[in-house]
Amino acid sequence: MAFSLTRNWHEHCVLSRGIRKRYEGVLVAAKVWGIDEGYEDAEGNWQEVAPEVKAAVCNAMGGDGPGVAGREVQVLDQGKSPCLPVGRLTLEDGTLLRVGQDGQWPPDLPIGYHDFYPRDEMRPAVRIIVTPGRCVLPPDGLWGWSAQLYATRSNESWGLGDLADLRRLCRWAASRGAGLVLVNPLSASAPVTPQQPSPYYPSSRRFLNPIYLRVEEVPGAADFVDDLAGLAKAGRALNEDRQINRDAVYRLKTEALESIWRHSSPGEEFERFCAQRGSSLDEFATHCALAEEFGGDWRLWPDEYRRVDGQAVRSFVEARGDRVGYHRWLQWLLDEQLRRAAAEGTTIVQDLAIGVDPGGADAWSWQHLYAGGCSVGAPPDLYNRRGQDWGLPPFIPHKLRGAGYEPLRQTLRAVLRHAGGVRIDHVMGLFRLYWIPEGFDPSRGAFVRYRGDEMLAIVAIESQRAGAFVVGEDLGTVEPEIRARLAAHGVLSYRLLWFEEEPPSKYPPMSMAAVTTHDLPTVAGLWSGQDLAAQRRLGLKPNEEGTAEIQRRVANLAHLDARAPIDQVIEQVYRLLSEAASRVALASLDDALAITERPNMPCTTEERPNWSLAIPGGLEQLENSRLAGRIACAMNKGRSGRGTG
C-alpha cells in the first residue's frame with residue numbers, strides 16, 4: 001500500500017479503482033487484525049473509527065497478517081493436559097519429553113513456559129503456558145506510601161533521590177507502621193544528555209537507570225575518597241535548587257563511576273549476575289555503548305548498527321568490549337543497591353510503564369515486534385479533552401504472540417526483581433490499546449485487541465514466582481468485563497478518592513485505594529485552587545466544573561469545613577481513605593508535605609518541569625513532618641484489625 005494513508009477519506013474516494021479496491025481490502029482485514037469498529041467514550045457516546053484510521057493502523061502492522069509469525073500459544077491451567085498431537089516437548093528447564101503417544105500427556109506439567117514441536121514439521125511450534133491461574137494477594141489491611149524516588153532526595157544525595165535514599169525511606173516508612181513503598185518506574189534511560197525526565201518513557205523496562213546509584217556505596221569507591229570529594233560536593237550543591245537538574249547529576253555520576261570502573265576488578269558475584277541476565281543484558285549494554293557513540297535513538301544510527309544481530313554490531317562489541325562491560329557493571333551495581341533497599345523489611349512495589357522509547361534499547365532489541373508509524377495514547381475524556389499521544393510504539397499483537405510473549409515475560413521478571421508488588425500502568429493494555437497513526441490527531445485513533453487471557457497467564461506466573469502482588473491501573477475508559485477478568489486472576493483494581501462516587505468503605509476488597517496519582521492534583525493543590533490556576537496559566541482549559549464536583553463530594557464524605565487549614569483537610573481526607581475496604585491503601589508523600597504541585601501535568605512538555613520537582617526540605621523534612629506522622633497514625637488506626645488473609 002504505497003499510497004498516502006494520511007489524506008482524508010474524501011480524497012481516497014477519488015483515487016483510481018484499483019487503489020480503492022486495495023484500500024477496501026485493508027478495511028476488511030481490520031476486523032481480522034483485531035481493530036475495533038469504534039468505542040464508547042468517557043461520556044457514554046459511541047465513536048466510530050474512520051476508514052482511513054483503520055487503514056493506517058493495518059499498514060503499521062505490516063503485510064504478513066495475523067497468525068503467520070512464529071509460534072502458536074496455548075494456555076493451560078495447572079494440572080490440565082493440552083490438546084496436541086505427537087511430538088516433543090521442551091520444558092522451561094531444558095528437559096526434553098516425547099509426548100502425545102496414544103494421546104498421553106503428562107498431567108503434571110510444571111508452571112512455566114514450555115515449547116512443543118509436533119512430529120509433523122509442517123505444523124508450527126506451540127508455546128505452552130502453564131499458569132497457576134491467580135496472582136499472589138497482599139495481606140488485607142496493608143498500607144504504605146507512594147513516592148517519586150527522584151524527588152525524595154536527602155542531604156547526602158547528588159541532586160536526585162537515589163537507591164540509598166530509597167533504603168532510608170523504607171526504614172522511615174516501617175517506623176511509622178507502613179508496610180510498603182510504591183516508587184515511580186526506575187527504568188533505564190539512554191546514556192546521553194539531555195536525560196529523559198519522564199520515568200514513563202524508558203529506553204528499557206528490563207534494566208535500571210544508573211542515575212539512581214549512590215556513588216559512595218559502589219564497591220571500590222572508598223579507595224577514591226579524595227578524588228570523588230569534589231564531585232560529591234558539586235553533586236550535593238545541586239540540592240539547593242528544588243528543580244532537579246538530571247543532566248548535571250548524570251555528568252557528575254558518570255565521571256565518578258567511570259573513574260571507579262577503570263580501577264575495579266568485579267568478582268564472582270558480578271559474573272554470576274551477568275550469566276543470570278544473559279543475552280538480554282548483553283544487548284542492553286551494547287545498545288548503551290552504541291548510544292554513547294551515535295546518539296540515543298537507534299533509528300538515527302548508521303544503517304549497519306540498526307540490526308541487533310548484524311556483523312557490524314558484533315565487531316563493535318569486540319572492539320569496545322570494555323565499554324560494554326562498563327554498562328553491564330552499572331546494572332550489577334544497581335541490582336545490588338536495590339536488593340539492599342528491599343532488605344529493609346518494607347515491601348517495595350515497582351511501577352511498570354505501559355511502553356518504551358521508540359529509539360531506546362528495548363525497541364532496538366525487539367524492533368520486528370513493534371508497529372512503526374503508530375503510537376499509544378488515550379482518546380479524549382472528561383479531563384483531557386484533546387486526547388493523549390504518549391509517543392510509545394505498540395507491540396503488533398500477532399507478532400508478540402508469535403514470539404511466545406517473550407518480551408512480556410522478560411519485562412515482568414525484571415521489574416519484579418527485589419519487589420513485593422508491581423503496579424501495571426494502564427493495565428487495559430493487556431487487552432486493548434489505543435493506537436494513533438502518525439499524522440493523526442489523538443482524537444482519531446483506534447483500539448486494537450490483544451489476547452488478554454494469555455498475557456494474564458504470564459502475569460500470574462511471574463507474580464507467583466516472585467511472591468509479589470499485582471495492581472492494575474484501570475482508570476479511564478475500561479470495559480466492565482475487563483475488570484471482572486482482572487479480579488478473577490487476582491489483579492487488584494485501582495480506586496481513587498478523586499473519582500469514586502461511593503465512600504472508601506464501599507470500595508471493592510480486590511483493590512488498592514489512593515487519593516490521587518502523579519498525573520492528578522494533590523490534596524493541597526486541589527483545595528487551595530493552585531492546581532486549577534496552574535492549568536489556566538498553561539492554557540489547558542481545565543474541567544473546572546468537574547474539579548468543583550470532586551471538592552464537594554469529598555468534603556461531604558470527609559465532613560470537611562471549607563474554612564479548615566490545608567493540613568487539617570489532608571489529615572481528614574486520609575482518615576477517610578483509611579476506612580477503605582480495599583486490601584491495600586496508599587498515602588502520598590506529596591500530601592504528607594502539603595505540596596501543591598503535581599509531579600506531572602498531562603499534555604505539557606516544555607511548559608513546566610514535569611518529573612523534576614524535589615520534595616521541599618528532602619528526606620530530612622519528611623522524617624520530621626508532623627503532618628506525615630498524623631497521616632500515618634490515621635492509616636494505622638483505620639487499617640488495623642482488617643485481618644491477614
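The first residue in the sequence is number 1, and the count goes up from there. Excluded from the calculations below are hydrogen atoms, water molecules and symmetry mates; all remaining heavy atoms, backbone and side chain alike, are included.
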| Modelled atom types, side-chain donor and acceptor of Ser493 and Arg495, under 3.5 Å | yes
| said: Ignoring hydrogens and geometry beyond distance, is a side-chain donor-acceptor pair present between Arg246 and Ser612 at under 3.5 Å? | reply: yes
| Can you find a side-chain donor-acceptor pair between Asn610 and Thr604 that sits under 3.5 Å? | yes
| query | Can a donor-acceptor pair be found between the side chains of Trp158 and Glu216 at a distance below 3.5 Å? | reply | yes
| request: Apply the salt bridge (Lys or Arg N to Asp or Glu O under 4.0 Å) test between Asp162 and each candidate in Arg236, Arg214, Arg340; give the one that qualifies. | output: Arg214
| Is there a donor-acceptor contact under 3.5 Å from the side chain of Arg553 to the main chain of Glu500? | yes
| task | Report yes or no: do Asp247 and Thr193 form a side-chain donor-acceptor pair below 3.5 Å? | result | no
| said: Checking Asp591 against Tyr574: is there a side-chain donor and acceptor pair closer than 3.5 Å? | reply: yes
| field | No-hydrogen, no-angle side-chain donor-acceptor test under 3.5 Å, Trp143 and Asn636 | value | yes
| query | Is it true that the side chains of Asp351 and Tyr200 contain a donor and an acceptor less than 3.5 Å apart? | reply | yes
| field | Close side-chain approach of Cys135 to Val470, heavy-atom, < 4.5 Å | value | yes
| What class does the angle between the rings of Phe284 and Phe207 fall in, given that below 30° is parallel, 30 to 60° is tilted and above 60° is perpendicular? | parallel
| Just by distance, with hydrogens left out, do His327 and Glu292 show a side-chain donor and acceptor under 3.5 Å apart? | yes
| message | Among Asp519, Asp531, Asp590, which residue satisfies the salt bridge (Lys or Arg N to Asp or Glu O under 4.0 Å) criterion with Arg598? | response | Asp531
| Between Trp390 and Gln388, does any side-chain donor sit less than 3.5 Å from a side-chain acceptor? | yes
